[in-house]
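What follows is a short report on a single structure.
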Amino acid sequence: MVQIVRDGRANTEAEDDVIAFQENILANDIQRIVGECKALNVDRKLVTVEKISDLYNGDHIVFNQLYGLQHHAIVTNVNLREDEVTLIEYTSDGNMKAKVKENTHPFSIFKMVDKYIYNHEYDAEETIKRARRRLNEEKYSIFCNNCEHFATWAKTGNECSEQVSYGKITAACSLIASFGKVTITAIAAALSEVGDLLLSNTFGAVLGGFLTAFEGCLELKKLFNDYSQDKYSADVFQEKLIEIISKYAFAIPVIMLVGSAIPVTTLPAAIFSITLITLSTLLAKWGGKCFGRFLNYIIRNWPTIKESFQNFWQGLEELAWSAVKATTNAVFSAAKSTGKCIVSAAKAVGSAVRRKASRGWRAFKSWFRR
């Protein structure tokens, strides 16, 4: 709250109105300046949440999801005993309509969680009060009023979305790379004396790959600059570095392969080439980012995954050993039963032979006496 120091004399109602008006103007100017700084994302740091005890009421958290998107929310309660977190978030209800709701989730369902720490922010009580003020709101817009807009507004008073800004830049860069590839291909084909379209296509594809690689270098440069300004913790920096490398490792070959396979001979073909290459590049970036998220998930949860794998392997060994023992016991039992059967059969045969022999001997003796 902006306050103006006044002297001790009594003010008239008109003077009070003027002072109040000046206070509002000054407050609005300060809020606008602070909002512009926050929109530039110069006063917040992203840190990794390792366990539920790292969370506090009023925190602005973000779930790093494996399919390439992020979900933002405000923490309203942390239940350490039940391992549950209560959040206010923009989420979809049963009919898929997004609404601001307060939900309780087991912390275990969040595979990758980070939180923002701001230099200028509301305290926990005010943040939660602001978030609850918009409960049941149904004005979701992916570009203008998404979950990140809501969370940053509740925490700082400023609505901004790094995802939306970054998505617009990525789409623009992909379009520029596609347009550059198609333009160079068309010029090379037009200037070629023999009309070597394959050569011009290859040259254009290489240019598209170069522009995409240049975009990746700019993104890496921004990441290192942000890290040097302490906007990311070391763990978050490593995860974002893996995401960027993975994303462009997918995107560069795609724009080169797709670009070299599409001929540019007419204007409709050029438009089709720009559209297809742009969409293919965006899809490849998304796929690469998802793969990077998957790698980050494995790295972050490697101790748990390793323990689970060891338990699985130990269980598999025990199962195999049990199977071997059961098979061995079964073989021994079968062999024992077979041996008993053979002995019994041998005894029976021996008894039968003895009886036959005895009868034959008696018969022989009777015949010999005659």
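The shown structure was predicted, so the numbers you read here are calculated from the model rather than taken from an experiment.
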Hits for salt bridge (Lys or Arg N to Asp or Glu O under 4.0 Å) against Lys51, two or more places apart or cross-chain, chain-then-number order -> Asp54

Members sharing Ile128's hydrophobic cluster, built from side-chain contacts under 4.5 Å between Ile, Leu, Val, Met, Phe, Trp and Tyr, are none

Trp313 meets the side chain to side chain donor-acceptor pair (under 3.5 Å) criterion, sequence neighbours left out, with Glu317

### Message
Once you measure the plane-to-plane angle for Phe250 and Phe291, does it fall in the parallel (<30°), tilted (30-60°) or perpendicular (>60°) bin?
### Response
tilted

Taken in chain and number order and not counting sequence neighbours, the residues that satisfy side-chain contact (heavy atoms from CB on, under 4.5 Å) with Thr304 are Ser308

Residue set satisfying side chain to side chain donor-acceptor pair (under 3.5 Å) with Lys240, at least two apart, ordered chain then number -> none

Here the pair of heavy atoms bringing Phe107 nearest to Val49 is CZ-CG1, 4.1 Å

Residues passing the side-chain contact (heavy atoms from CB on, under 4.5 Å) test with Thr104, sequence neighbours excluded, are Glu84, Thr86

Residues at least two apart in sequence or cross-chain that pass side-chain contact (heavy atoms from CB on, under 4.5 Å) with Thr338, listed by chain then number, are Ile342

Residues passing the side-chain contact (heavy atoms from CB on, under 4.5 Å) test with Lys221, sequence neighbours excluded, are Asn225

Sorted by chain and number, sequence neighbours left out, side chain to side chain donor-acceptor pair (under 3.5 Å) with Arg132 holds for Glu102

Hits for salt bridge (Lys or Arg N to Asp or Glu O under 4.0 Å) against Lys45, two or more places apart or cross-chain, chain-then-number order -> Asp230

Residue set satisfying side chain to side chain donor-acceptor pair (under 3.5 Å) with Asn296, at least two apart, ordered chain then number -> none

Worksheet item: Passes side chain to side chain donor-acceptor pair (under 3.5 Å), Glu219 versus Tyr248? Steps please.
Response: CA-CA 10 Å; Glu219 192 167 341; Tyr248 287 97; 2.7 Å; yes

Salt bridge (Lys or Arg N to Asp or Glu O under 4.0 Å) filter on Glu137, not counting sequence neighbours, yields Arg134

Nearest heavy-atom approach of Ala251 to Thr212 is CB-CG2, 4.1 Å

